[in-house]
Amino acid sequence: MQEDKKMLILFGSPHGNGHTRELLESFLTPFRKQEHWKITGYSAYRSPVKPCIGCRVCARKEGCIYDDFNEIDKSLRESDLLVVASPVYQFSFPAPLKAVLDRTQRYFEARFSLNIVPPIAKHREAVLLLTMGSEEAFGAEVASYQLKRAFTVMNTSLKDCIVWQATDAPNQNGEEAKRLAAEAARRYW
Ligand SMILES: Cc1cc2nc3c(=O)[nH]c(=O)nc-3n(C[C@H](O)[C@H](O)[C@H](O)COP(=O)(O)O)c2cc1C
């Protein structure tokens with residue numbers, strides 16, 4: 001019997017069946033055969049969190065003035081693997097997913113204002129799955145840089161970044177990106 005493992009998915013596409021979902025499914029398919037993996041999904045468009053208002057309440061006491069991030073916080077703390085699956089919008093994450101990222105400021109304040117080290121007790125690895133209409137790699141660089149910086153106070157290490165480029169061009173079926181996603185999945189069993 002293998003020990004239970006938990007995966008949290010942060011899904012940033014407004015499309016339930018778009019390119020991002022397709023790439024995510026390539027990553028998830030091998031996991032579905034692994035019964036010891038429990039998968040929790042969060043869709044930033046379906047269940048949007050409020051944007052951070054920079055009130056700094058989290059600098060005085062662990063937590064947030066808003067309670068709509070609490071379930072993500074709980075799942076994140078319990079997770080062994082974090083998967084961020086998103087399209088690139090304006091060289092970054094779509095606004096609802098960026099709002100989730102901004103709400104992780106509570107961990108930054110926990111670390112540097114409240115001196116809680118580490119702000120999240122358990123370590124996890126993370127995978128970034130991106131789709132983008134163009135071949136302009138800068139969007140993927142920005143997105144992975146943003147995550148890496150946020151992860152420094154989340155006890156989280158970004159291990160893989162898989163990008164399906166040029167989704168807006170005709171006949172882009174993303175075979176290579178999907179193959180890489182399936183291959184990456186095997187590294188986390
Ligand atoms: C508002 C908006 C902004 C976008 N910005 C970019 C961008 O900066 N760079 C890029 O390569 N593609 C950009 N795209 C294209 C999407 O990243 C691409 O179509 C993506 O594969 C869509 O994923 P989905 O099918 O899951 O919705 C943008 C699309 C939208 C709707």
Side-chain angles (χ1 to χ4, degrees), residues 6-34 37-52 68-69 71-73 75-76 79-104 124-151 154 156 158-189:
K6 291 186 177 172
M7 180 195 304
L8 171 63
I9 301 164
L10 300 179
F11 186 70
S13 173
H15 300 122
N17 285 309
H19 297 93
T20 309
R21 168 64 63 183
E22 223 179 303
L23 185 59
L24 175 61
E25 279 307 316
S26 302
F27 183 81
L28 289 182
T29 300
F31 275 96
R32 298 207 200 279
K33 296 177 196 138
Q34 306 289 318
W37 274 96
K38 309 294 171 215
I39 300 172
T40 301
Y42 165 78
S43 165
Y45 277 86
R46 260 200 236 153
S47 313
V49 296
K50 293 186 182 71
C52 175
D68 57 359
F69 189 84
E71 276 192 35
I72 299 175
D73 174 60
S75 300
L76 177 70
S79 66
D80 300 280
L81 180 62
L82 174 64
V83 178
V84 179
S86 180
V88 170
Y89 275 14
Q90 306 298 352
F91 302 96
S92 180
F93 292 109
L97 188 57
K98 177 61 165 47
V100 172
L101 196 57
D102 288 353
R103 293 285 295 278
T104 67
R124 74 206 41 69
E125 295 185 321
V127 176
L128 173 59
L129 303 174
L130 283 176
T131 69
M132 54 194 291
S134 74
E135 289 186 359
E136 215 173 327
F138 186 59
E141 285 169 33
V142 172
S144 62
Y145 185 78
Q146 288 183 65
L147 284 193
K148 276 186 205 155
R149 293 308 294 261
F151 288 172
M154 292 166 65
T156 302
L158 184 62
K159 290 288 179 184
D160 279 296
C161 174
I162 294 156
V163 187
W164 176 358
Q165 289 186 324
T167 57
D168 289 350
N171 304 319
Q172 290 293 325
N173 57 17
E175 280 316 317
E176 180 59 6
K178 287 189 261 182
R179 188 189 66 74
L180 288 172
E183 191 178 288
R186 284 184 213 107
R187 290 199 281 275
Y188 298 93
W189 294 347

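Positions are given from 1 along the sequence.
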Under a 3.5 Å distance rule, please check whether [X] uses its side chain to pair with a backbone N or O of [Y] as donor and acceptor.
X	Y	answer
Thr156	Met154	yes
Arg103	Cys52	no
Ser144	Glu141	yes
Thr104	Leu101	yes
Arg124	Met7	no

[X] to [Y] - nearest heavy-atom pair and separation:
X	Y	answer
Ala182	Pro30	O-CG, 4.1 Å
Ala184	Ile162	CB-CD1, 3.6 Å
Lys98	Gln146	CE-OE1, 3.4 Å
Ala140	Val88	N-CG2, 4.5 Å
Gly12	Tyr45	O-CE1, 3.1 Å
Pro94	Tyr89	CB-CD2, 3.5 Å

To the closest 0.5 Å, what do you measure between [atom1] ([X]) and [atom2] ([Y])?
X	Y	atom1	atom2	answer
Ser43	Arg21	OG	CZ	8.0 Å
Ile39	Ser75	CD1	OG	13.0 Å
Thr167	Asn173	OG1	CG	12.0 Å
Leu147	Leu82	CG	CG	8.0 Å

Applying side chain to side chain contact (heavy atoms under 4.5 Å, CB included), run through Asp102 and Val49 and close with a yes or a no.
CA-CA 10 Å; Asp102 288 353; Val49 296; over 6 Å; no
Do [X] and [Y] make a side-chain contact, defined as non-hydrogen atoms from C-beta onward lying under 4.5 Å apart?
X	Y	answer
Phe93	Pro87	no
Leu24	Ile9	yes
Trp164	Glu22	yes

Verify the ring-centre separation between Phe27 and Phe31: is it less than 6.0 angstrom?
yes
In a table with atom names and distances, give each donor-acceptor pair under 3.5 Å that connects a side chain of residues 126-137 to protein atoms at least two apart or in another chain.
{"residue": "Thr131", "atom": "OG1", "partner": "Thr20", "partner atom": "OG1", "Å": "3.0"}
{"residue": "Ser134", "atom": "OG", "partner": "Glu136", "partner atom": "N", "Å": "3.0"}

Does the pair Val83 and Tyr188 meet the rule for a side chain to side chain contact (heavy atoms under 4.5 Å, CB included), with working shown?
CA-CA 11 Å; Val83 178; Tyr188 298 93; over 6 Å; no
May I ask you to check whether over 12 heavy atoms, not counting those of Lys178, lie within 6.0 Å of atom NZ?
yes
Does Lys159, at its NZ atom, have more than 12 non-hydrogen atoms belonging to other residues, nucleotides or ligands within less than 6.0 Å?
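Atom NZ in Lys159 is not crowded, with 12 or fewer foreign heavy atoms closer than 6.0 Å.
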Applying salt bridge (charged side-chain N to carboxylate O under 4.0 Å, His left out), which residue pairs with at least one partner in residues 179-189 are found, sequence neighbours left out?
Asp160-Arg187, Glu176-Arg179, Arg179-Glu183
Would Leu97 and Phe11 count as a side chain to side chain contact (heavy atoms under 4.5 Å, CB included) if you check the C-alpha gap in whole Å, the side-chain angles of each, and the deciding distance to 0.1 Å?
CA-CA 8 Å; Leu97 188 57; Phe11 186 70; over 6 Å; no
Take Val100 and Tyr42 through the side chain to side chain contact (heavy atoms under 4.5 Å, CB included) test and state the conclusion after the steps.
CA-CA 10 Å; Val100 172; Tyr42 165 78; 3.7 Å; yes
